[in-house]
Amino acid sequence: MLKTTIKFLGWTILGIITFLVLYLIAVYLISKITVNSDVAQVEEKDGIPIYILSNGVHTDIVVPVVNEIKDWRKEIQFNQTKSKDSTMQYIAFGWGDKGFYLHTPEWSDLKASTALKAAFGVSSSAMHTTFFKQLKEGDDCKRILISKENYQKLVAFISESFLDASHPQWIEGYSYGRKDAFYEAKGSYSLFYTCNTWANCSLKAANQKASLWTVYDKGIFCHYE
């Protein structure tokens with residue numbers, strides 16, 4: 001009986017290690033495959049600027065607060081942030097695991113239960129929104145000029161990611177700072193669909209350069225070097 005148990009544990013551990021190795025190889029290789037590489041160039045006067053913004057781990061999609069196509073102030077209200085600053089020009093959207101977002105302000109706060117739920121897609125999700133007055137381009141912030149038609153597609157993708165696309169449900173009492181807020185979102189985070197996968201999918205929805213599939217931020221940014 002003991003030998004059988006040891007053998008079972010050995011095969012289980014080997015299976016986990018094999019899975020992780022194959023997963024990491026797939027993450028690296030597939031993220032290098034570009035989709036929409038032939039996206040048409042857009043003139044400055046005809047385009048809408050958006051940004052991809054990374055904090056080193058997580059990617060946000062940043063868009064104008066208001067333009068002729070979309071006024072985000074109708075759904076994402078300034079008074080739902082601590083600053084209530086209505087002079088902001090841009091708004092960042094970042095989808096992710098609700099438990100991780102709300103209960104893990106620092107890596108040291110991460111609980112094993114939160115990590116396991118997030119990894120295996122059994123928890124709910126949230127949308128994190130952050131207002132900016134301006135953004136500075138750099139290695140972690142890339143400006144992309146897109147057509148109005150593609151911006152409409154991006155708006156649709158972001159809107160449909162909220163639990164209620166027409167009336168996003170504010171998660172009151174949670175924020176990382178003075179200019180951000182959380183909202184209920186659709187879907188579940190997992191090893192195969194992360195915050196960066198969502199950001200990558202939003203770029204694909206807008207017909208912009210993106211990875212075939214990625215779970216980490218560099219899988220997006222490597223296509224904009």
Side-chain angles (χ1 to χ4, degrees), residues 24 27-28 31-32 49-65 72 76 78 80-83 85 88-111 114-115 117-119 123-144 146 154 157-158 161-162 168 170-171 173-185 187-206 208-211 213-225:
L24 292 173
V27 164
Y28 178 78
S31 69
K32 298 296 182 182
I50 68 167
Y51 295 82
I52 50 174
L53 176 66
S54 172
N55 65 3
V57 176
H58 167 91
T59 304
D60 278 346
I61 301 297
V62 190
V63 301
V65 169
W72 288 105
I76 313 300
F78 293 123
Q80 291 171 340
T81 67
K82 290 180 180 178
S83 74
D85 187 344
M88 297 293 160
Q89 300 297 308
Y90 295 93
I91 181 170
F93 293 92
W95 178 94
D97 179 74
K98 184 178 177 180
F100 189 91
Y101 262 152
L102 303 187
H103 305 300
T104 314
E106 303 289 343
W107 284 106
S108 57
D109 298 313
L110 181 61
K111 296 179 181 178
T114 301
K117 285 180 180 179
S123 59
S124 53
S125 60
M127 185 73 76
H128 184 226
T129 65
T130 309
F131 287 108
F132 293 92
K133 281 192 177 178
Q134 58 184 10
L135 292 99
K136 184 179 180 181
E137 289 187 81
D139 292 340
D140 60 352
C141 183
K142 301 292 185 181
R143 184 176 187 267
I144 307 167
I146 71 175
L154 176 62
F157 180 88
I158 294 173
S161 297
F162 287 94
W170 177 34
I171 305 174
Y174 291 92
S175 69
Y176 288 156
R178 295 185 53 76
K179 301 173 183 178
D180 66 310
F182 290 95
Y183 299 84
E184 300 286 355
S188 294
Y189 188 105
S190 74
L191 284 171
F192 302 98
Y193 196 95
T194 69
C195 52
N196 297 302
T197 312
W198 178 86
N200 187 66
C201 286
S202 70
L203 292 171
K204 287 200 279 188
Q208 301 305 299
K209 282 192 301 182
S211 168
W213 171 73
T214 189
V215 298
Y216 70 133
D217 63 333
K218 291 180 177 58
I220 298 173
F221 279 77
C222 68
H223 302 285
Y224 288 90
E225 292 177 346

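Just the heavy atoms: all of them, side chains too, but no hydrogens, waters or symmetry mates, feed the values below.
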Inset, instruction - Compare all side-chain heavy atoms of I220 with those of K142 and state whether any distance is below 4.5 angstrom. - result: no
- Query: Would the number of heavy atoms belonging to other residues, nucleotides or ligands and lying under 6.0 Å from CD of Q134 be above 12?
  - Reply: no
Taking every heavy atom of D97 against every heavy atom of S124, the minimum-distance pair comes out as OD1-O, 3.5 Å
The reported gap from CH2 in W198 to OG1 in T59 (rounded to nearest 0.5 angstrom) is 10.0 Å
K204 and A210 have their tightest heavy-atom pair at CG-CB, 3.5 Å
Taking C-beta and beyond as the side chain, do Y90 and V63 meet within less than 4.5 Å on heavy atoms?
-> no
Check your understanding: Would you say the side-chain atoms of T194 pair up with the backbone N or O of V215, donor to acceptor, closer than 3.5 Å?
Key -> yes
>> Any non-hydrogen side-chain atom of H103 less than 4.5 Å from a side-chain atom of Y174?
In response: yes
Residue set satisfying side-chain contact (heavy atoms from CB on, under 4.5 Å) with H128, at least two apart, ordered chain then number -> Y101, T130, Y176, D180, F182
Any chance the side chains of S211 and N200 put a donor and an acceptor closer than 3.5 Å?
no
Is the count of non-hydrogen atoms from other residues, nucleotides or ligands lying under 6.0 Å from D139 atom CG greater than 12? no
Heavy-atom nearest pair, S188 first then S123, reads OG-O, 2.8 Å
ask   = Would you say W213 and T197 make side-chain contact, with heavy atoms under 4.5 Å?
value = yes
Between the OG1 atom in T81 and the CE atom in M88, the distance rounded to the nearest 0.5 Å is 7.5 Å
- Item | Between W95 and Y193, ring centroids under 6.0 Å | yes
G96 and C195 have their tightest heavy-atom pair at CA-CB, 4.5 Å
Output for pair (Q208 CD, I50 CD1), nearest 0.5 Å, gives 6.0 Å
- Heavy atoms, side chains only, cut-off 4.5 Å: are I158 and W72 in contact? yes
Nearest heavy-atom contact between C141 and L53 is CB-CD1, 3.9 Å
Rounded to the nearest 0.5 angstrom, the CZ-CG distance for F157 and L203 is 9.0 Å
_Beyond-backbone contact of M127 with S161, side-chain heavy atoms, under 4.5 angstrom_ = yes
Tell me whether Y224 contacts the main-chain N or O of K209 through its side chain, where contact means a donor paired with an acceptor under 3.5 Å. yes
_I'd like to know if the side chain of S83 and the backbone of K179 have a donor-acceptor N/O pair within less than 3.5 Å._
no
- Query: Would a 4.5 Å heavy-atom cut-off, applied to side chains only, mark Y189 and K98 as touching?
  - Reply: no
By salt bridge (Lys or Arg N to Asp or Glu O under 4.0 Å), R143 pairs with (sequence neighbours left out) E44
ask   = Can you tell if the side chain of Y183 reaches within under 4.5 Å of the side chain of F93, non-hydrogen atoms only?
value = no
Trace of the side chain to side chain donor-acceptor pair (under 3.5 Å) decision for T214 with N196: CA-CA 7 Å; T214 189; N196 297 302; over 6 Å; no
The residue among I52, I144, L135 that forms side chain to side chain contact (heavy atoms under 4.5 Å, CB included) with V62 is L135
Between C222 and S31 the two heavy atoms that sit nearest each other are SG-O, 4.0 Å
